[in-house]
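Counting convention: from 1, in listed order, for ligands and their atoms alike. Count residues from 1 along the sequence. In what follows, every heavy atom counts, from backbone to side chain, and hydrogens, waters and symmetry copies are set aside.
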Amino acid sequence: MMARKILIDCDPGTDDAIALFMALGDPRLDVRLVTVAGGNVGLAHTLRNARALVGLTGKAVPVVAGAERPLLGSFEDAAYVHGEDGLAGVLLPEGPAAASGIAADAIREALRAAGPAGLTLVGIGPATNLALALATEPGLLPNVAEIVLMTGAWGEGNVTPAAEFNAWSDPEALAVVLGCGRPVTLATLEVTAQALATPSRIEALSRGGTGACREAACAILAGTPPSRRLGGAGSPQHDSCAIAWLLAPEAFTVREVFAEVDCGPGPGRGQTLIDRWGRLGKPANALVLETLEAGRFFEVLEQSLSRLP
Ligand code: RIB
Ligand code: CA
């Protein structure tokens, strides 16, 4: 079966790192491009981290720098979760140089080259780069097969009571992507909470084999503080859920929903309003991932790590 062509827009970020390993370690995904934004930490760090992570896998995938800040509003990082360097203090060898150009242009070129429904966009950071690409050249939208975003929550947020970090970081960009008319799949905090990296699961991954990527992944997982919001049992692997959807859709249950994001200035800014029960009577514009078989998720991660150097 032909590998599925994807690009990954990210802000590494400890959980972004695991998502990159999961994707780059599975031959069913053909990662054409990795684009980077500021998010968990500033762009200087997220770009260095993305280059180092891709470099560690040995895969010849171009890494292109993008937005340092959101479309509107100010930039605020999440270094309190990911560490000042963005990878929980885990030092990796310098990766290959970033490819020239900027992310929004590289995304458009990748879409142009992919042809009709030829490329899946995976967004696991603030959606700024994706929004800029799609808004700049809407004629390329038919080449988008699917957009899979780790973003939002139908309940409590993780950066404000109302908002999840990626949605909160650039709600206007998320609104552009939600409104683009192409299939959008949402991995929200509710499903990512079911992919909890507990000490026993990290230990199992560590025992699963050897290799620089596995060692880096386990060190990053072990260095990530457990989530207080989830009772301190482990760290939710947010971004990998977007990749796992592409690799093991059978591990999820889903629901078609109408979803929108609050772009107002108030305490609800960045809140994703996800209408799971159709109360608003508006046509569905997204698929939300609701449940996840955690055992299958960690099997997929184990398989990817076993294929990486
Ligand atoms: O809220 C979790 C999301 O914000 C993840 O993508 C994490 O990496 C941060 O970017
Ligand atoms: Ca991220």
Can you tell me the N, O or S atom of D11 that's nearest the Ca ion (ligand 2)? OD1

Checking distances from the Ca ion (ligand 2), one finds that the N, O or S atom of D239 closest to it is OD2

Ring of W168, cation from R269 - is the NZ or CZ under 6.0 Å from the centre and inside 45° of the axis? no

Sub-4.0 Å heavy-atom environment of ligand 1, residues by chain: D11, D15, D16, N40, H82, I124, M150, N158, E164, F165, N166, H238, D239

N/O/S atom of P12 under 3.0 Å from the Ca ion (ligand 2), yes or no? no

Quick one: does T136's side chain have a donor or acceptor within less than 3.5 Å of a partner on L132's backbone? yes

Hey, is the main chain of I274 close enough, under 3.5 Å, to the side chain of T272 for a donor-acceptor pair? no

May I ask you to decide whether R51 forms a salt bridge with E94, counting only side-chain N to carboxylate O separations under 4.0 Å? yes

Hey, is CD on E68 packed in by over 12 heavy atoms from elsewhere, all under 6.0 Å? no

Taking atom CD as the centre, does E256 end up with more than 12 heavy-atom neighbours from other residues, nucleotides or ligands that are less than 6.0 angstrom away? no

Compare every heavy atom of G13 with every heavy atom of H82, then report the nearest pair and how far apart it is. ND1-CA, 3.5 Å

